[in-house]
Amino acid sequence: MTQTRNPVVISGAGPTGLMSALALATRGIPVIVCEAEPGLTIDQRAGSYHPPTLEMMAPFGVTERMHRTGLKVSQWQVRERRGDLVAQFDLGLLSDITPYPYRLHLEQHRLTPILLDLVSGFSCAEVRFSSRVTGVEQDADGARVTVETAAGSEQIAASWVIAADGGRSTIRKQTGVEFEGFTWEEQYLVVSTPYDLAQHGFTLNAYVADPDEWAAVFKMPDNGPPGLWRIAFPVPPEVDSATALAPENVERRMQAFQPTGQAYEIAYKSTYKVHQRVAKEWRFGRVLLAGDAAHLNNPLGGFGLNSGIHDAINLTEKLGRVWHGEGTEDLLDLYVRQRRAATIEQVQNMSIRNKRMLEERDPDVQRANLIEMMAVAADPVRARAHLLNTTMILGLKRSLEVQ
């Protein structure tokens, strides 16, 4: 049959696309990844991996390689910016149910080279850079993917197509499907510095509540010790990117966040818009959406990159069974039901809740919320339940029960 001869074509060589390619190639399925950029891109935003994500990637040899440079984060905080309230959670409470009772911090642009190297080890897999997917046509026998390259336009015959081409997905836009949700009014400013915030009591991951200016803190390995501390702040809607990124404004916000008595060394800084969106449909015949092409969320909780990997693992397991004649195409609709449910019920709801908790405008309400979080963190039973939810373990379990 045609679908057993033509490869699966994946648009996008980000974590979702490359993880999909690796999982398919491991099953002996030919795959071609088309990436518009001339090489792997550098993204300074994502980079926090939850326990179940590490479990999913481990059978493919990814997790072991990530640990060579990644930072284990066994404890994380929710803390008060202008006071002394700190709720600190210990992921060690989950050591009986996961071999990875911690978050692993590793920049996304250090994960993708690992994935690319592993994919390159399979003769049935090919990654083509400077190859922009501009359209997909399909019929009962297969699909044809139009790709623009430096040499001109070409068509690739495909059995299935995975759109992992990001939030601005060309393939999703071509389908005309609604990308339901909204865009937050404010931008995010992300600043990276080698200054050690641990000396001020910060764990390697901390969420800082404040009625006027919340913050999210992540330490990343960078090129090695001492690593970099990454701090995200909200930027008011009336402030443009150039103003937010001006050196004097970055320094002012950093000193207001944590005074040092000396100027901060800034390694990276950037701004970006934040969205909460989920595609209304994820499957169009032989075309399937995954990762940011299917859903976007704010980064508070570290769910976006993780959920893209979860999409890749769920989809390729089912597509692999269809490919090898071990199941019908109905499995692909099950992928959509399971992953869309997890995205809406957990990722969207929790990331929105986290943001609203940190930015609560009423100081009394915010303080009461933090006192409650401290009570949860201090009670092993309640803390364990909270961690099962925030690590995505519970949401994944529930989504896999969807039929």
Side-chain angles (χ1 to χ4, degrees), residues 3 6-25 29-41 43 46 108-109 111-112 115-116 119-120 122 124-139 142-177 179 277-296 304-305 307-316 318-320 322-323 332 335-336 339-340:
Q3 70 180 65
N6 291 331
V8 174
V9 174
I10 300 172
S11 178
T16 302
L18 289 174
M19 187 67 244
S20 297
L22 177 59
L24 290 171
I29 298 172
V31 60
I32 296 175
V33 181
C34 296
E35 168 57 48
E37 298 298 322
L40 296 175
T41 58
D43 188 323
Q108 176 176 312
H109 67 267
L111 169 63
T112 47
L115 293 171
L116 178 61
V119 169
S120 299
F122 288 89
C124 62
E126 180 183 358
V127 180
R128 302 180 183 180
F129 291 102
S130 298
S131 299
R132 182 183 300 277
V133 173
T134 58
V136 178
E137 298 175 352
Q138 59 178 307
D139 55 31
R144 292 165 300 285
V145 181
T146 302
V147 180
E148 295 293 336
T149 70
S153 178
E154 66 172 296
Q155 282 199 330
I156 303 174
S159 58
W160 301 92
V161 179
I162 298 176
D165 49 347
R168 299 175 180 174
S169 171
T170 297
I171 295 176
R172 187 195 67 243
K173 289 178 180 178
Q174 185 188 51
T175 67
V177 68
F179 206 20
R277 297 187 181 276
V278 181
K280 190 171 183 178
E281 304 290 343
W282 288 26
R283 183 187 174 199
F284 311 88
R286 294 180 174 273
V287 177
L288 298 121
L289 305 185
D292 286 355
H295 49 81
L296 294 169
L305 174 55
S307 58
I309 297 295
H310 300 176
D311 291 349
I313 298 298
N314 188 306
L315 172 55
T316 54
K318 292 173 172 59
L319 184 55
V322 174
W323 179 279
L332 304 178
Y335 153 73
V336 174
R339 292 304 307 147
R340 198 167 185 276

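One-based numbering along the sequence shown. Just so it is clear, the structure is predicted and the values come from calculations on it, not from any experiment.
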Please tabulate, for the side chains in residues 18-25, all donor-acceptor contacts under 3.5 angstrom to protein atoms that are two or more places apart in sequence or on a different chain.
| unit_1 | atom_1 | unit_2 | atom_2 | d |
| --- | --- | --- | --- | --- |
| S20 | OG | T16 | O | 2.8 |

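In this structure a side-chain-to-backbone donor-acceptor pair under 3.5 Å is present from Q174 to V136. Looking at R168, its side chain never comes within 3.5 Å of a backbone N or O of K173 through a donor-acceptor pair. Without hydrogens or angle criteria, T149 side chain to S131 main chain gives no donor-acceptor distance under 3.5 Å. Put simply, the side chain of R339 never gets that close to the backbone of A312: no donor and acceptor are under 3.5 Å apart. A donor-acceptor pair under 3.5 Å is formed between the side chain of D311 and the backbone N or O of G291. Side-chain atoms of D139 come within 3.5 Å of backbone N or O of G142 as a donor-acceptor pair. A distance-only check finds no donor-acceptor pair linking the side chain of D165 to the backbone of S11 [under 3.5 Å].
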Tell me, with the steps shown, if V33 and V119 meet side-chain contact (heavy atoms from CB on, under 4.5 Å). CA-CA 10 Å; V33 181; V119 169; 5.5 Å; no

side-chain contact (heavy atoms from CB on, under 4.5 Å) between F284 and V177, worked out = CA-CA 10 Å; F284 311 88; V177 68; 3.7 Å; yes

#### Entry: Trace of the side-chain contact (heavy atoms from CB on, under 4.5 Å) decision for I29 with T316
CA-CA 10 Å; I29 298 172; T316 54; over 6 Å; no

*Might you work through the side-chain contact (heavy atoms from CB on, under 4.5 Å) test for L315 and L332, ending with a clear yes or no?*
CA-CA 7 Å; L315 172 55; L332 304 178; 4.2 Å; yes

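Considering all non-hydrogen atoms of both residues, G14 and T112 come closest at C-CG2, 4.0 Å. Pairing each heavy atom of S159 with each of W323, the nearest pair is OG-CZ3, 3.1 Å. The two residues I10 and A164 make their nearest non-hydrogen contact at CG2-CB, 4.4 Å. The minimum heavy-atom distance between N6 and A158, with the atom names listed, is CB-C, 3.8 Å. Nearest approach of P15 to L115, heavy atoms of both residues: O-CD1, 3.8 Å. In terms of heavy-atom proximity, A293 sits nearest to S169 at CB-CB, 3.6 Å.
With sequence neighbours left out, D292 forms a side chain to side chain contact (heavy atoms under 4.5 Å, CB included) with L296. Remark: Q155 pairs with T146 by the side-chain hydrogen bond (donor to acceptor under 3.5 Å, both in side chains) rule, at least two apart or across chains. With sequence neighbours excluded, no residue forms a salt bridge (Lys or Arg N to Asp or Glu O under 4.0 Å) with R132. Taking the side-chain hydrogen bond (donor to acceptor under 3.5 Å, both in side chains) definition, one finds that R283 meets it with E329, D333, sequence neighbours left out. Every residue two or more places apart in sequence or in another chain was checked for a salt bridge (Lys or Arg N to Asp or Glu O under 4.0 Å) with E148, and none qualifies.
Going from atom CG of L305 over to atom NE2 of H310 covers 9.0 Å, rounded to the nearest 0.5 Å. Here the CZ atom belonging to F179 is positioned 8.5 Å from the NE2 atom belonging to H295, to the nearest 0.5 angstrom. K318 contributes atom NZ, which lies 11.5 Å from atom CG of L288 (distance to the nearest 0.5 angstrom). Interatomic distance, CZ of R144 versus CD of Q138, reported as 8.5 Å (0.5 Å rounding). Rounded to the nearest 0.5 Å, atoms CD (E281) and CZ (R340) are 7.0 Å apart.
For the pair C124/V31, no side-chain contact is recorded, criterion being any heavy-atom separation below 4.5 Å from C-beta on. In this structure, L116 and E35 have side chains that are not in contact, with every pair of non-hydrogen atoms separated by 4.5 Å or more. In this structure, the side chains of T175 and L289 stay at 4.5 Å or more apart for every pair of heavy atoms.
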